[in-house]
There are 2 protein chains.
Amino acid sequence: MKDSTGISMSVIRRLPRYYQYLTDLSNNGIERISSSELAEKMGLTASQIRQDFNCFGGFGLQGYGYNTAQLANALAGILGLDSDFSAILIGAGNLGKAVAAHLFSEQNGFRLIAVFDSDKKLEGKKVGKFSILHMDALEDFCKQNKPVTAVLCVPDNAAKEVALKLDSLGVKSFWNFSHFDISSILPNSRVENVHLKDSLMTLCFLIKSDMGKN
Amino acid sequence: MKDSTGISMSVIRRLPRYYQYLTDLSNNGIERISSSELAEKMGLTASQIRQDFNCFGGFGLQGYGYNTAQLANALAGILGLDSDFSAILIGAGNLGKAVAAHLFSEQNGFRLIAVFDSDKKLEGKKVGKFSILHMDALEDFCKQNKPVTAVLCVPDNAAKEVALKLDSLGVKSFWNFSHFDISSILPNSRVENVHLKDSLMTLCFLIKSDMGKN
DNA sequence: TAGATTGTTAATCGATTAACAATC
DNA sequence: TAGATTGTTAATCGATTAACAATC
């Protein structure tokens, strides 16, 4: 399956990993790496790595390999990590707080601009540098600030209503931590799902399978 | 790529979604569904769904379709959600607390049995029904209780040490929320990664691509 | 230059889709 | 029985791997 850029989703999903590996290498003073060395480290094949990079242009040098810093930088550009997409967080529970603290502290292409919660008791409390706003303030806020993305850390049963509301206010991309299937009601929005339950169930299956072997 | 059971990973990763869709349908009083109706709902093809289910046996009835409750139940069995794998949580920050509260409250194949943190100040504080234990108590606890799985909600720079320690104490499966690549140091352990940063970067790329289109 | 390693094309493999006979 | 829909085999498609000429 290709995305709108013509790059296959399997390649796209490998880009962040490449970026992070190359950044680490560069930070550790390793200047160059060959596709086969990187393949070894990442558990891929050298062919695959060369194919992947060549979707975006020639970043290597024959007989030398790839310059880690340069390639990391190129990948940052490809991923758009220099972007400044405005994001609002809906749901200031433990999950929301963790996401705000760990994922929006660095240059990841997004800038968190507000935190909302439906609980009146949380209004005004702090999440990092943000004072929690009540959901009643959402409409005015969106009209004024036109956030690009919403991060949904709300309970499954609230997700549908919140997503529809945000869509009506012009938010067209979602980082969705709820189990609700936003794409089914908003087929034209961009939705990136983080389905923790799926991940845990998969682990369960695999552990069960592993045990069967022994 | 096949796992040890001979089932391809792409099929395995669809199982939790099937399970949840079918459970929802059943809970909403919908008794039967055809592969084409389910395909429509889930954004897959009917062929794919029939192929997937038939990896595990014939759950349908010609001319009728699939019984939702029965199939959900079969999938729960296949996934091993009736298991009772003991799990310990390492890291009682916001992320750890969220995971403890939301993912281990239901029948997901695991039972949380303890929560650890390296911060002495958190010792004795509660996470749900658990009193946080200090990491100093980890060794004795593992020797006595032999947990099957560890959930790593620790900072990236602590993950390596913690994973090696747990490995030495007999823990051979990990639900890893850190960015550290556990598999590279423990190739024989089962590791399920939740790489939130990758997910966010992917979203960044896709939003950027979408914008280019318009 | 010789050695190394890329970029790129061709071959293989696996996953998805299509088709249809089986059967409820 | 006729209609519907599965289970399953065959065809297609796409992703991964292998190979090698280009070139630093």
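Naming convention: chains lettered A, B, ... in sequence-line order (proteins, then strands); numbering from 1 in each chain. Just so you know, these numbers come straight off a predicted model, no measurement behind them.
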In residues 68-80 of chain B, what donor-acceptor pairs under 3.5 Å come from side-chain atoms, sequence neighbours left out?
from: B/T68; atom 1: OG1; to: B/I30; atom 2: O; distance (Å): 2.6
from: B/T68; atom 1: OG1; to: B/E31; atom 2: O; distance (Å): 3.2

Sorted by chain and residue number, the side-chain hydrogen bond (donor to acceptor under 3.5 Å, both in side chains) partners of A/N67 (sequence neighbours excluded) come out as none
To the nearest angstrom, the CE-P distance between A/M9 and D/dT16 comes to 13 Å
Applying side-chain hydrogen bond (donor to acceptor under 3.5 Å, both in side chains) to A/E37 and A/S34, what does each step give before you reach the verdict? CA-CA 5 Å; A/E37 288 170 304; A/S34 68; 3.2 Å; yes
In whole Å, I'd like the distance from the CD1 atom of B/I7 to the C1' atom of C/dG14. 14 Å
If a pair satisfies salt bridge (charged side-chain N to carboxylate O under 4.0 Å, His left out) and one of its residues is in residues 60-76 of chain A, list it, with sequence neighbours excluded. none
Can you check nucleotides 22-24 of chain C for protein contacts, nitrogen or oxygen pairs under 3.5 Å, and list what you find?
from: C/dC24; atom 1: O2; to: B/Q62; atom 2: O; distance (Å): 3.3

Which ring pair (Phe, Tyr, Trp, His ring centres under 6.0 Å) pairs, counting each pair once, include a residue from residues 9-28 of chain B, with sequence neighbours left out? B/Y18-B/F53
Side-chain polar contacts of residues 38-47 of chain A - donor-acceptor pairs under 3.5 angstrom, sequence neighbours left out - could you list them?
from: A/T45; atom 1: OG1; to: A/Q48; atom 2: N; distance (Å): 3.2

So which of residues 14-37 of chain B are in contact with DNA chain D, with a heavy-atom cut-off of under 4.0 Å? B/R32, B/S34, B/S35
Inter- and intrachain pairs under salt bridge (charged side-chain N to carboxylate O under 4.0 Å, His left out), touching residues 171-183 of chain B, at least two apart: B/D167-B/K172
B/K165 and B/E161 ion-paired at < 4.0 Å: no
Would you mind listing every ring pair (Phe, Tyr, Trp, His ring centres under 6.0 Å) that reaches into residues 78-102 of chain B, with sequence neighbours excluded? B/F85-B/F110
If only side-chain N and O atoms count, and only distance matters, is there a donor-acceptor pair under 3.5 Å linking B/W175 with B/T149? no
What is the distance from CZ of B/R13 to P of C/dA15, rounded to the nearest Å? 14 Å
Using the side-chain hydrogen bond (donor to acceptor under 3.5 Å, both in side chains) criterion, which residues pair with B/R50? Sequence neighbours excluded. B/S35
Can a side chain N or O of A/Y66 be found less than 4.0 Å away from OP1 or OP2 on C/dA4? no
Can you tell me how far P of D/dT6 sits from CG of B/L71, to the nearest Å? 11 Å
Atom pair distance, as rounded to whole Å: CG in B/D52 and C1' in D/dT8: 14 Å
Indicate yes or no: does A/D52 engage A/R14 in a salt bridge with an N to O separation below 4.0 Å. yes
Dot-bracket line, read 5' to 3' along DNA chain D, where crossing pairs take [ ] and | marks a partner on another strand, Watson-Crick or G-U under 3.5 Å: ..||||||||||||||||||||||
I want to check a possible cation-pi pair here: A/R32 against A/Y66, using under 6.0 Å from ring centre and within 45° of the ring axis as the test. no
Heavy-atom contacts under 4.0 Å between residues 38-51 of chain B and DNA chain C, which residues? B/T45, B/S47, B/Q48, B/R50, B/Q51
Mind calculating the distance between CZ (A/F53) and P (C/dG7) to the nearest angstrom? 10 Å
